[in-house]
Amino acid sequence: MSYFVHPTAVIDEGARIGNDVKIWHFSHLMGSCIIGDHCVVGQNVFIDKKVELGNNVHVQNNVSLYEGVICEDDVFIGPSAVFTNVINPRSAIDRKDQFRPTIIRKGATIGANVTVVCGNEIGAYAFVGAGAVVTKPVKPYSMVIGNPSRHMGWISEYGHRLIFDETCTATCKESGQVYVLKDDTVIRKK
């Protein structure tokens, strides 16, 4: 395995780290976390045991990923995003058996200062705008903003807003990929 770890970072025994990963200043990876190939772990990031990052995941500065968080390939997590793993934490009550998983599907973006309440899935290529508070699942290709987060439109795999015509078809202005909206669900045509 070949990866870069800044001298101030702490990697606990048992952490699995893929090839061409960069782990920056003051980050801490717990044992049994899994980091895929080509990931970037920014400054002051905490990755708990049993957290899984797919390939090409970018976790920006000051993010804590707690047990139960799973990121598929090509996920982007902006600076200071927050993830929880217990719905009703109390310091005097042990609820480690009540962790709820949070799954972030392929290509999704979590903006800066987003809070994701545990037990919610962020769909493939979804875009959660800066400062949003996610309290329910986010559909694939959905763009959500606000507190609590609410659907504001649809977004392409390249991160451009999709404008659907009368035939419920939209084309990404950068990639030329074509998308179809049916039954409040977006799919990309092959």
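Counting from 1, the numbers follow the sequence of the chain as shown. Keep in mind the model is a prediction, meaning the values are calculated, not measured.
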Please report, to 0.1 Å, the donor-acceptor pairs under 3.5 Å made by any side chain of residues 177-184, with sequence neighbours excluded.
from : atom 1 : to   : atom 2 : distance (Å)
Q177 : OE1    : S175 : OG     : 3.3
Q177 : OE1    : Y179 : OH     : 2.7
Y179 : OH     : E157 : N      : 3.0
D184 : OD2    : K139 : NZ     : 3.0

*asked:* Tell me whether Y158 at atom OH has more than 12 heavy atoms from other residues, nucleotides or ligands lying less than 6.0 Å away.
replied: no

_CG-CG distance between N85 and D48, expressed to the nearest 0.5 angstrom_ = 7.0 Å

*C172 to H160 - nearest heavy-atom pair and separation*: SG-CD2, 3.8 Å

*asked:* Just checking R16: does its CZ atom have more than 12 heavy atoms from other residues, nucleotides or ligands closer to it than 6.0 angstrom?
replied: no

Listing, residues 68-78 side-chain donor-acceptor contacts under 3.5 Å, not counting sequence neighbours, or none:
from : atom 1 : to   : atom 2 : distance (Å)
E72  : OE1    : K106 : N      : 2.9
E72  : OE2    : R105 : NH1    : 2.5
D73  : OD1    : N55  : N      : 2.7
D74  : OD1    : N56  : ND2    : 2.9
D74  : OD2    : K106 : NZ     : 2.7

*What are the two closest non-hydrogen atoms of D20 and H38, and how far apart are they?*
OD2-ND1, 3.0 Å

*asked:* Testing the basics here: between N113 and S80, what is the closest heavy-atom pair and its distance to 0.1 Å?
replied: OD1-CB, 3.2 Å

*If you round to the nearest 0.5 Å, how far is CG of L162 from CZ of R188?*
11.5 Å

*asked:* Minimum heavy-atom separation for M143 and I155, please, with both atom names.
replied: SD-CD1, 4.4 Å

_Less than 4.5 Å apart, side chain to side chain, heavy atoms only: is that true for V144 and F127?_
no

*Should I17 and V45 be counted in the same cluster of Ile, Leu, Val, Met, Phe, Trp and Tyr side chains packed under 4.5 Å apart?*
yes

_Hydrophobic cluster membership, V128 vs M152, 4.5 Å side-chain cutoff_ = no

*CD1 on I34 to NZ on K50, rounded to 0.5 Å*: 11.0 Å

*asked:* Membership question, hydrophobic clusters at under 4.5 Å side-chain separation (ILVMFWY): are V63 and V133 in the same one?
replied: no

*asked:* Could you tell me if N61 and N44 have a donor-acceptor pair between their side chains, going purely by distance under 3.5 Å?
replied: no

*Nearest 0.5 Å please: distance from the OG1 atom of T109 over to the NE2 atom of H58.*
11.0 Å

*asked:* Using side-chain heavy atoms (C-beta onward) and a distance below 4.5 Å, is N62 in contact with P79?
replied: no

*Who are the side-chain hydrogen bond (donor to acceptor under 3.5 Å, both in side chains) partners of T102, not counting sequence neighbours?*
none

_Y141: which of Y125, W154, F164 passes ring pair (Phe, Tyr, Trp, His ring centres under 6.0 Å)_ = Y125

*Which atom names give the shortest non-hydrogen contact between R150 and N147, and what distance separates them?*
NH1-N, 4.3 Å

_By the definition side-chain contact (heavy atoms from CB on, under 4.5 Å), identify the one residue from T8, V41, I35 that meets it with I23._
V41

*What distance do I104 atom CD1 and F83 atom CZ have between them, rounded to the nearest 0.5 Å?*
4.0 Å

*With M30 as reference, evaluate I47, L65, D12 under the side-chain contact (heavy atoms from CB on, under 4.5 Å) test and give the passing residue.*
D12

_Tell me if a side-chain donor or acceptor on S156 pairs with a main-chain N or O of T171 at a distance below 3.5 Å._
no

*What about I110 and V117, same hydrophobic cluster or not, with Ile/Leu/Val/Met/Phe/Trp/Tyr joined at side-chain heavy-atom distances under 4.5 Å?*
no

*Output the distance between atom CZ (R95) and atom CG (N88), rounded to the nearest 0.5 Å.*
4.0 Å

*Measure the acute angle between the ring planes of W24 and H6, then classify it against the limits of 30° and 60° as parallel, tilted or perpendicular.*
tilted

_Over all atoms of both residues, closest heavy-atom pair of C118 and R100_ = CB-O, 3.6 Å

*Given the rule that I, L, V, M, F, W and Y join up when any side-chain heavy atoms are under 4.5 Å apart, are F4 and V40 in one cluster?*
yes

